[in-house]
2 protein chains.
Amino acid sequence: MTHPSDSRAYFFKIDTTIKKIRNVLQKRFNEAGFDLTVDQWVLIDHVARNEGISQNTLAELTTKDAPTVTRILDLLVKKDLVERRMSEEDRRKFNIYLKPEGQKTFETVLPVVKEIRRQGWGQLSEEDYGHFVRIMDSIYQNFSD
Amino acid sequence: MTHPSDSRAYFFKIDTTIKKIRNVLQKRFNEAGFDLTVDQWVLIDHVARNEGISQNTLAELTTKDAPTVTRILDLLVKKDLVERRMSEEDRRKFNIYLKPEGQKTFETVLPVVKEIRRQGWGQLSEEDYGHFVRIMDSIYQNFSD
DNA sequence: AAACACAAGTTGGCTTACTAACTATTGATT
DNA sequence: AATCAATAGTTAGTAAGCCAACTTGTGTTT
């Protein structure tokens with residue numbers, strides 16, 4: 001290989017790794033009896049940390065687009081985990097809040113997710129984390145022009 | 001941060017990076033007038049390098065599941081880029097081949113993809129590639145038990 | 001005040017991912 | 001030879017991603 005970027009490998013490796021992570025997360029959720037998809041969890045996590053957040057902000061933070069957020073929230077509302085409250089200042093907006101069931105879900109699922117994060121990182125070092133962040137950010141940046 | 005794995009950041013960073021890559025690929029495809037999704041490209045690429053490959057093998061190589069491969073191939077067949085030929089030895093199997101249009105597509109798209117790979121890797125070094133592979137493989141491995 | 005562009009969310013269409021259930025064929029077992 | 005388990009692929013349902021078009025509400029301009 002004359003230059004790493006000549007290989008298909010790096011796109012593929014990122015894709016494979018994130019798929020694996022998602023699979024493991026979902027499988028653990030199912031085993032633990034959580035009736036929740038990974039992306040539903042991601043929204044709950046952000047709402048828990050930003051009570052009253054708007055859908056647009058939620059979309060930005062999660063790098064999901066607006067229609068996707070709308071639809072995932074629809075599901076979470078149907079499950080009674082989350083509610084939309086009309087915003088006072090701007091009637092185009094909703095403020096999103098956890099309902100009691102949602103708060104409970106957050107508290108129950110969080111430790112499981114933390115454990116999975118630990119497992120995934122394993123024996124990798126602080127220095128590796130530096131490399132990791134630098135390389136990922138660099139790829140992202142190289143595409144942002 | 002007491003330990004890197006305590007942070008949500010690494011799942012999120014991988015997710016964000018692969019999304020970005022996919023977006024850029026798709027946008028370039030569209031700009032270049034290729035009527036092709038990224039995943040359709042991935043299958044064409046593998047068929048081009050493995051004429052006569054079976055659907056199952058295709059699924060393994062791409063880490064897609066069987067139904068997904070079936071459906072993407074359906075689309076490629078409809079576009080006349082690819083054909084299924086009944087296997088001689090095993091009548092459950094198909095052998096997948098590029099049609100002339102598909103071969104042309106492969107040759108046209110490949111240089112564009114190579115250029116995008118180069119752009120994404122940018123000034124990262126051979127050594128960085130080593131770190132990258134080691135870290136990704138390690139995460140994957142940590143989840144394979 | 002009326003017209004305008006812009007912003008927040010929603011809806012619809014198409015694509016891909018995952019699971020489960022299904023058909024058809026093959027290969028092994030007895 | 002008949003049965004049975006495993007394999008290749010398909011179909012159906014639900015979830016999520018992307019784009020484009022749309023509705024409603026806001027803010028600015030004139």
Side-chain angles (χ1 to χ4, degrees), chain A residues 15-16 18-31 34-44 52-79 82-96, chain B residues 15-16 18-31 34-44 52-79 82-96:
Chain A
D15 194 55
T16 302
I18 194 65
K19 268 186 195 166
K20 185 67 165 186
I21 293 174
R22 288 179 158 273
N23 273 332
V24 169
L25 279 165
Q26 189 64 60
K27 224 161 260 169
R28 300 278 170 90
F29 283 11
N30 296 343
E31 285 164 13
F34 305 153
D35 173 26
L36 207 63
T37 68
V38 174
D39 295 287
Q40 287 164 19
W41 160 254
V42 170
L43 287 206
I44 288 190
I53 191 173
S54 75
Q55 296 192 191
N56 268 359
T57 309
L58 214 36
E60 272 177 39
L61 293 183
T62 58
T63 68
K64 298 181 185 303
D65 62 0
T68 299
V69 169
T70 293
R71 279 160 180 147
I72 298 179
L73 284 181
D74 286 347
L75 293 172
L76 291 176
V77 168
K78 203 181 304 176
K79 290 182 186 176
V82 140
E83 67 179 330
R84 289 181 168 103
R85 294 191 207 148
M86 184 83 83
S87 163
E88 301 287 324
E89 326 85 57
D90 186 338
R91 290 187 326 188
R92 290 170 304 182
K93 284 190 185 178
F94 289 116
N95 298 119
I96 312 297
Chain B
D15 195 54
T16 303
I18 194 65
K19 268 187 195 164
K20 184 67 165 185
I21 292 173
R22 287 179 160 274
N23 273 332
V24 168
L25 279 164
Q26 191 62 60
K27 225 161 260 171
R28 298 279 169 90
F29 283 11
N30 296 343
E31 284 165 11
F34 304 152
D35 173 27
L36 206 63
T37 68
V38 174
D39 295 287
Q40 286 164 18
W41 161 252
V42 170
L43 286 205
I44 288 189
I53 192 174
S54 75
Q55 297 192 191
N56 268 357
T57 310
L58 213 37
E60 273 178 40
L61 292 183
T62 58
T63 67
K64 298 181 185 301
D65 60 3
T68 299
V69 169
T70 293
R71 279 163 178 143
I72 298 179
L73 285 180
D74 287 347
L75 293 171
L76 291 176
V77 167
K78 203 181 304 174
K79 289 181 185 175
V82 141
E83 67 178 331
R84 289 179 168 105
R85 293 192 207 149
M86 185 82 84
S87 162
E88 302 285 326
E89 326 85 57
D90 187 337
R91 288 187 326 186
R92 290 170 303 183
K93 284 190 186 176
F94 289 116
N95 298 119
I96 311 298

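The sequence lines fix the lettering, A, B, ..., with proteins before strands; numbering per chain opens at 1. As the structure is a computational prediction, the values presented were derived from the model and not from experiment.
Gln26(B) comes within 4.0 angstrom of no nucleic acid atom, judged by non-hydrogen atoms across all strands. Within 4.0 Å (heavy atoms only), Asp90(B) reaches sugar-phosphate atoms of the nucleic acid but no base atom. Looking at heavy-atom distances under 4.0 Å, Asp39(B) makes contact with sugar-phosphate atoms alone, never a base. Ser87(B) comes within 4.0 angstrom of nothing in the nucleic acid, heavy atoms only. Across all strands shown, Arg22(A) has no heavy atoms under 4.0 Å from either base or sugar-phosphate atoms. Residue Thr37(B) is in sugar-phosphate contact alone, with no base atom involved, counting any heavy-atom pair closer than 4.0 Å across all strands shown.
Residue Asn30(B) is tested with Lys27(B), Gln26(B), Arg28(B) for a side-chain hydrogen bond (donor to acceptor under 3.5 Å, both in side chains); the sole match is Gln26(B). Under the side chain to side chain contact (heavy atoms under 4.5 Å, CB included) rule, Leu73(B) has a single partner from Thr70(B), Leu76(B), Leu75(B), which is Leu76(B).
Of the candidate nucleotides dT10(C), dT10(D), dT16(C), dT10(C) has the atom nearest to the side chain of Ala66(A). Listed nucleotides dA17(C), dA8(D), dT24(D) differ in distance to Arg92(A); the shortest reach to its side chain belongs to dT24(D). Closest contact between the side chain of Pro67(B) and the listed nucleotides dG9(D), dA8(C), dA20(C) involves dA20(C).
Note on Lys64(B): a side-chain N or O is less than 4.0 Å away from OP1 or OP2 of dA17(C). Close to dC18(C), at under 4.0 Å from its OP1 or OP2, lies a side-chain N or O of Asn23(A). The phosphate of dT10(D) has OP1 or OP2 within less than 4.0 Å of a side-chain N or O from Gln55(B). Close to dG17(D), at under 4.0 Å from its OP1 or OP2, lies a side-chain N or O of Thr68(A).
Taking for each of Val69(B) and Thr63(A) the nucleotide of DNA chain D with the nearest heavy atom, the 5'-most of the two is the partner of Val69(B). Comparing Leu75(A) and Arg84(B) by the nucleotide of DNA chain D that holds the closest heavy atom to each, the one mapping nearer the 5' end is Arg84(B). Comparing Thr70(A) and Lys27(A), the nucleotide of DNA chain C nearest to each residue sits closer to the 5' end for Thr70(A).
Using a 4.0 Å cut-off between charged nitrogen and carboxylate oxygen, Asp74(A) and Arg84(A) count as a salt-bridge pair. Between Arg71(A) and Asp65(A), no side-chain nitrogen of the basic residue sits less than 4.0 Å from a carboxylate oxygen of the acidic one, so the salt-bridge criterion is not met.
In this structure, the NZ atom of Lys19(B) is 14 Å from the C1' atom of dA17(C), given to the nearest Å. Atom P of nucleotide dA8(D) and atom CD of Glu89(B) are separated by 13 Å, given to the nearest angstrom. Here dG9(D) presents its C1' atom at 19 Å from CZ of Arg85(B), a figure rounded to the nearest Å.
The heavy-atom pair separating Thr62(B) from Lys19(A) by the smallest distance is O-NZ, 3.6 Å.
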